[in-house]
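Remarks on the structure that follows.
Within every chain, numbering begins at 1; the chains are lettered A, B, ... in the order of the sequence lines, protein sequences first and strands thereafter.
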2 protein chains.
Amino acid sequence: MIKLNKTHYAVLGMLSICPMSGYNIRQMIKQSIGNFWSESDGQLYPALALLNKHGYVTCKSANKPGARENKIYTLTDKGKDELREWLALTPETHSVRNEAMLKLFFGANTTPEINFDHIENLRYQAKAMLAQLTAMRKQLISEEKDSAHLPYWLMCIDHGIQMNEARLSWSESIINNFKK
Amino acid sequence: MIKLNKTHYAVLGMLSICPMSGYNIRQMIKQSIGNFWSESDGQLYPALALLNKHGYVTCKSANKPGARENKIYTLTDKGKDELREWLALTPETHSVRNEAMLKLFFGANTTPEINFDHIENLRYQAKAMLAQLTAMRKQLISEEKDSAHLPYWLMCIDHGIQMNEARLSWSESIINNFKK
DNA sequence: TCGCACATGTAACGCGTTACATGATTAC
DNA sequence: GTAATCATGTAACGCGTTACATGTGCGA
């Protein structure tokens, strides 16, 4: 039995929502789980090819004559089983790397202004993410109200909202102290 | 001019606090910035060797006769300049990968109990991290009260505290809804 | 006709982890 | 005596990003 990596499971998961092309998966990952997951092109297409080769997904070329290439991948029963088994395993915690925090930790080596700028940036990013997630939440509730996925998708969005609210209040409290 | 990577800057930053051995750097990274940064052995020692080779750090073997090997690295002026320059650059945001959230997003493919377990784990982890960070905060305030690093170190710790408080309240609200 | 979005892929390179190799010292 | 910790390093492998290569369809 071949060993699958995280990219493979992310792809299987996406295909559990509905059949899609590689390009669609790419977009979906950016739009819906971009807040806590990412894949790059160089991983995605080879992953799809391997999943297809081993029967976790099937592939149909859905190009009308003369149309552009379009391969639609569909999850097989084998793929569903594999996904279910992976979902039952305790998630591995992988190392976090937050460069902004690293710089701040060494902040005494530079000027207060530079550190302040970095925190300002973080505040701005948190605010932007919050706006985006809040809009997404609203949209999801109206557009997916009958979907079995909705409760789980809301949990993920709410996690993002809470994380960014925390970031925002953290950065604002530092900025306010700095101005005094 | 040679191109340094993140590991090199993390090492330079650690040596800006005080001269240390590779082993000390390893420990310090785990203990003090482990909350938002990590390095592995396979990166650390080669990074130190390269920094030494190019004059960013100097190295003195501080082994008393018959004692175990112990190389103490010290930041040079060139190293300090390099660190300062890097600190002034806007931090790059690198892709986040949170496997627990990924599994939750695909939660509709498995049982509520399995998802509940994952969230329980997250709650437990957040609680443990909070306890650790709170203790660290207290210790820092008393032990480093005259250090120029203290304000920045507190910002980092407070960031961790706020993140984990958000995680905790998020997981608890889901668990409470689940029990109803 | 130009540029953008659609669409699929490969190659090269560097990053990061794990396991391995070695050996001294200290605590039980 | 044996296990844990101190201490330094290398090798192998897989992961992940970036840049490249190629071509279609559509709107301004």
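Taking atom CG on A/Leu50 and atom P on C/dG9, their separation rounds to 13 Å, with Å as the unit. Per the geometry, CG belonging to A/Leu44 stands 15 Å off C1' belonging to C/dC6, to the nearest Å. The interatomic distance linking B/Leu48 (CG) with D/dG9 (P) rounds to 8 Å, in whole Å. For the pair B/Asn70 CG and C/dT25 P, the computed distance is 12 Å after rounding to whole Å.
Recorded end-axis angle for the helix from C/dT1-D/dA28 to C/dC28-D/dG1 stands at 30°, based on five pairs per end and rounded to 10 degrees.
The pair A/Lys6-A/Glu39 does not count as a salt bridge, with every side-chain nitrogen at least 4.0 angstrom from each carboxylate oxygen. Ion pairing of B/Glu82 with B/Lys78 is absent here, as no side-chain N (NZ or NE/NH1/NH2) approaches a carboxylate O to less than 4.0 Å.
At a threshold of 4.5 Å between non-hydrogen side-chain atoms, the residues A/Met136 and A/Trp153 do not count as touching. In this structure the side chain of B/Tyr56 never reaches within 4.5 angstrom of the side chain of B/His8, judged on heavy atoms. With a 4.5 Å cut-off on side-chain heavy atoms, B/Lys71 and B/Ser21 do not count as touching.
The stretch residues 9-30 of chain B does not touch DNA chain C, since none of its heavy atoms comes less than 4.0 Å from the strand.
Annotation for A/Lys127: atom NZ does not count as buried by contact number, only 12 or fewer foreign heavy atoms lying within 6.0 Å.
Interatomic distance, CD1 of A/Ile157 versus OH of A/Tyr152, reported as 16.0 Å (0.5 Å rounding).
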### Query
Please walk me through it: do A/Arg26 and A/Tyr45 pass side chain to side chain contact (heavy atoms under 4.5 Å, CB included)?
CA-CA 10 Å; A/Arg26 219 172 97 178; A/Tyr45 286 105; 4.2 Å; yes

#### Entry: Intermediate values then yes/no, side chain to side chain contact (heavy atoms under 4.5 Å, CB included), A/Leu168 and A/Met129
CA-CA 10 Å; A/Leu168 188 60; A/Met129 277 303 305; over 6 Å; no

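Using modelled atom types and a 3.5 Å distance limit, the side chains of A/Asn52 and A/Tyr73 yield no donor-acceptor pair.
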Grab the N/O contacts between the protein and nucleotides 13-16 of chain C below 3.5 Å, and write none if there aren't any.
| unit_1 | atom_1 | unit_2 | atom_2 | d |
| --- | --- | --- | --- | --- |
| C/dG16 | OP1 | A/Arg97 | NH1 | 2.6 |
| C/dG16 | OP2 | A/Arg97 | NH1 | 2.9 |
| C/dG16 | OP2 | B/Gln43 | NE2 | 3.2 |
| C/dG16 | N7 | B/Gln43 | OE1 | 3.2 |

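Projected onto DNA chain D by closest heavy-atom contact, B/Pro46 and A/Gly42 fall at different nucleotides, the more 5' of which corresponds to B/Pro46.
Ring-plane geometry between B/Trp86 and A/Phe106 is classed as tilted, the angle between the planes lying from 30 to 60 degrees on a 0 to 90 degree scale.
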